[in-house]
Amino acid sequence: MITDTLFIIPARGGSKGLPKKNILPINGKPMICYTIDAARGLTSDENICVSTDDLEIKEIVESYGLKVHFLRPADLATDTAGTRDVLLHAIDFYETKLGKTYKRICLLQPTSPLRKSKHIKEAIELWEDHLDMVVSVKESKANPYFNLFEEKEGGFLKKLKEGDYTRRQDAPKVWEYNGAIYIINIHELKYMQITGLKKVKKYIMSEENSLDIDDLWDFELAKIIIKIMHSAGQP
């Protein structure tokens, strides 16, 4: 049981690409509940924080048995609100209102329902106290040595990284954040933007478990993958 980590699930009510996506049912269960289950596989409810501005999300989460201690203020619920500010607000609430302090947070986006407890556990096992962050990644199909370009003067394209590779498989591997898991040093977060963190280690996830739901296509794909996993006996 992990007790030194605050698991934060940010769930804003507004979503233009896929309205109410955080609570849309996937095979009978609201999407956010998949992430709650993943966190519950590692810690108790007192260390799980759902940060939302939305009463409907709050009601659904509490009907799932997890208390939502606060509603996020309006200025942290806009399209332009930064993730860091949302995290610091939650940390401050737990420290000042609940008297609970942690050395790190685990940010879990509810739009990654295929991320499981085992993935979070494996990412946390990579943690060392001198780190700023452990972040989940997937191997990128777009590669700056092979098929990523920028436009130069005259409209000509130039590879972002020099390299004479005829196959992407031969180029150096590059990684992209998949949005599923961010384990962050709280002390560093209080003084620096997430993008400014330097001591960052990767945790590699598969393409299917990395699915991040942004639109209807992603949502329908997630339903299919979860059905296949269940039929194969995977939890």
Side-chain angles (χ1 to χ4, degrees), residues 1-11 22-23 26 29-52 57-70 72 83-84 86-137 177-190 194 197 199-206 209-210 212 226 229-230 233-235:
M1 183 71 68
I2 297 172
T3 59
D4 61 357
T5 303
L6 178 61
F7 294 77
I8 302 178
I9 305 171
N22 289 319
I23 52 176
I26 298 181
K29 184 164 70 173
M31 189 195 305
I32 193 172
C33 294
Y34 285 87
T35 293
I36 293 171
D37 286 344
R40 280 176 164 170
L42 298 168
T43 193
S44 60
D45 283 4
E46 65 179 313
N47 303 315
I48 303 173
C49 168
V50 169
S51 171
T52 185
I57 293 175
K58 181 179 186 291
E59 290 171 0
I60 286 174
V61 169
E62 292 192 331
S63 71
Y64 204 61
L66 179 64
K67 181 174 177 56
V68 177
H69 290 284
F70 58 84
R72 193 192 306 174
T83 299
R84 176 175 177 266
V86 171
L87 297 177
L88 291 177
H89 174 264
I91 292 166
D92 180 69
F93 183 93
Y94 272 69
E95 288 179 349
T96 61
K97 305 297 185 183
L98 301 182
K100 295 182 69 67
T101 57
Y102 301 89
K103 70 176 184 180
R104 62 193 175 191
I105 61 161
C106 180
L107 166 60
L108 302 173
Q109 303 280 9
T111 49
S112 297
L114 293 162
R115 171 248 298 110
K116 309 292 186 182
S117 298
K118 69 172 185 175
H119 299 125
I120 305 170
K121 181 175 182 291
E122 289 168 357
I124 288 176
E125 286 172 350
L126 295 175
W127 181 264
E128 299 173 75
D129 285 342
H130 70 276
L131 292 176
D132 295 339
M133 179 167 69
V134 174
V135 65
S136 59
V137 302
Y177 288 8
N178 66 4
I181 305 168
Y182 300 80
I183 304 164
I184 306 173
N185 184 312
I186 288 178
H187 179 269
E188 297 303 320
L189 183 66
K190 287 182 176 180
I194 295 173
L197 299 175
K199 299 175 184 176
V200 179
K201 276 195 172 182
K202 69 182 186 303
Y203 168 68
I204 304 170
M205 291 176 61
S206 67
N209 289 118
S210 293
D212 179 35
I226 289 172
M229 287 180 168
H230 285 178
Q234 299 181 37

Check your understanding: Where do V61 and T52 land on the side-chain contact (heavy atoms from CB on, under 4.5 Å) test, with the steps shown first?
Key -> CA-CA 10 Å; V61 169; T52 185; over 6 Å; no

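- Results of the side chain to side chain contact (heavy atoms under 4.5 Å, CB included) test with R104 over L6, I184, L189, I183 single out I183 as the only residue that passes.
- For the atom pair SG of C49 and CG of L108, the computed distance is 11.0 Å after rounding to the nearest 0.5 Å.
- For the residue pair D37/Y64, the side-chain donor-acceptor check at 3.5 Å is satisfied.
- In plain terms, the two heavy atoms of M31 and N22 that are nearest each other are CB-O, 3.6 Å.
- Taking all atoms of both residues into account, the shortest heavy-atom contact from M1 to S44 is SD-N, 3.3 Å.
- Two residues are said to be in side-chain contact when any heavy atoms from C-beta on lie closer than 4.5 Å; T43 and T5 fail this criterion.
- Residues I186 and K103 fail the side-chain proximity criterion, which asks for heavy atoms closer than 4.5 Å.
- Aromatic ring orientation, F93 versus F70: tilted (interplanar angle from 30° to 60°).
- F7 CZ to I181 CD1: the interatomic distance, rounded to the nearest 0.5 Å, is 10.0 Å.
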Review point. Given E62 and K67, is the side-chain contact (heavy atoms from CB on, under 4.5 Å) satisfied, shown in steps?
Key: CA-CA 5 Å; E62 292 192 331; K67 181 174 177 56; 4.0 Å; yes

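- Closest heavy-atom contact between V50 and V68: O-CG1, 3.7 Å.
- For the atom pair I23 CD1 and I26 CD1, the distance stands at 12.0 Å (nearest 0.5 Å).
- Not a single donor-acceptor pair under 3.5 Å links the side chain of S136 to the backbone N or O of N178.
- Counting only residues at least two apart or on different chains, no ring-ring contact (aromatic ring centres under 6.0 Å, His included) pair has a member in residues 102-133.
- For the pair V200 and Y177, the minimum side-chain heavy-atom distance is below 4.5 Å.
- Minimum interatomic distance between N47 and I2 (heavy atoms only, all atoms of both residues): ND2-O, 3.7 Å.
- At most 12 non-hydrogen atoms from other residues, nucleotides or ligands lie less than 6.0 angstrom from NE2 of H187.
- To the nearest 0.5 angstrom, T83 atom OG1 is 5.5 Å from I194 atom CD1.
- K116 has its side chain out of reach of Q234: every pair of non-hydrogen atoms, C-beta onward, lies at least 4.5 Å apart.
- Salt-bridge check for K121 with E125: passed, with a basic side-chain N closer than 4.0 Å to an acidic carboxylate O.
- Nearest heavy-atom pair, S112 versus D212, reported as atom, atom and distance to 0.1 Å: OG-OD1, 4.0 Å.
- Partners of D132 according to the side chain to side chain contact (heavy atoms under 4.5 Å, CB included) rule, which considers only residues two or more places apart in sequence or in another chain, are E188, L197, K198, K199.
- Under the 3.5 Å distance criterion, the side-chain polar atoms of R115 are left unmatched by any main-chain donor or acceptor of A38.
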Practice item. Evaluate the criterion side-chain contact (heavy atoms from CB on, under 4.5 Å) for residue pair I57 and I60; output intermediate values, then yes/no. Key: CA-CA 5 Å; I57 293 175; I60 286 174; 5.8 Å; no

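- With N209 contributing its side chain and L114 its backbone, the two residues share a donor-acceptor pair below 3.5 Å.
- Atom SG of C106 is separated from atom CD1 of I48 by 10.0 Å, given to the nearest 0.5 angstrom.
- You'll find the side chain of K190 reaches within 4.5 Å of the side chain of L88, heavy atoms only.
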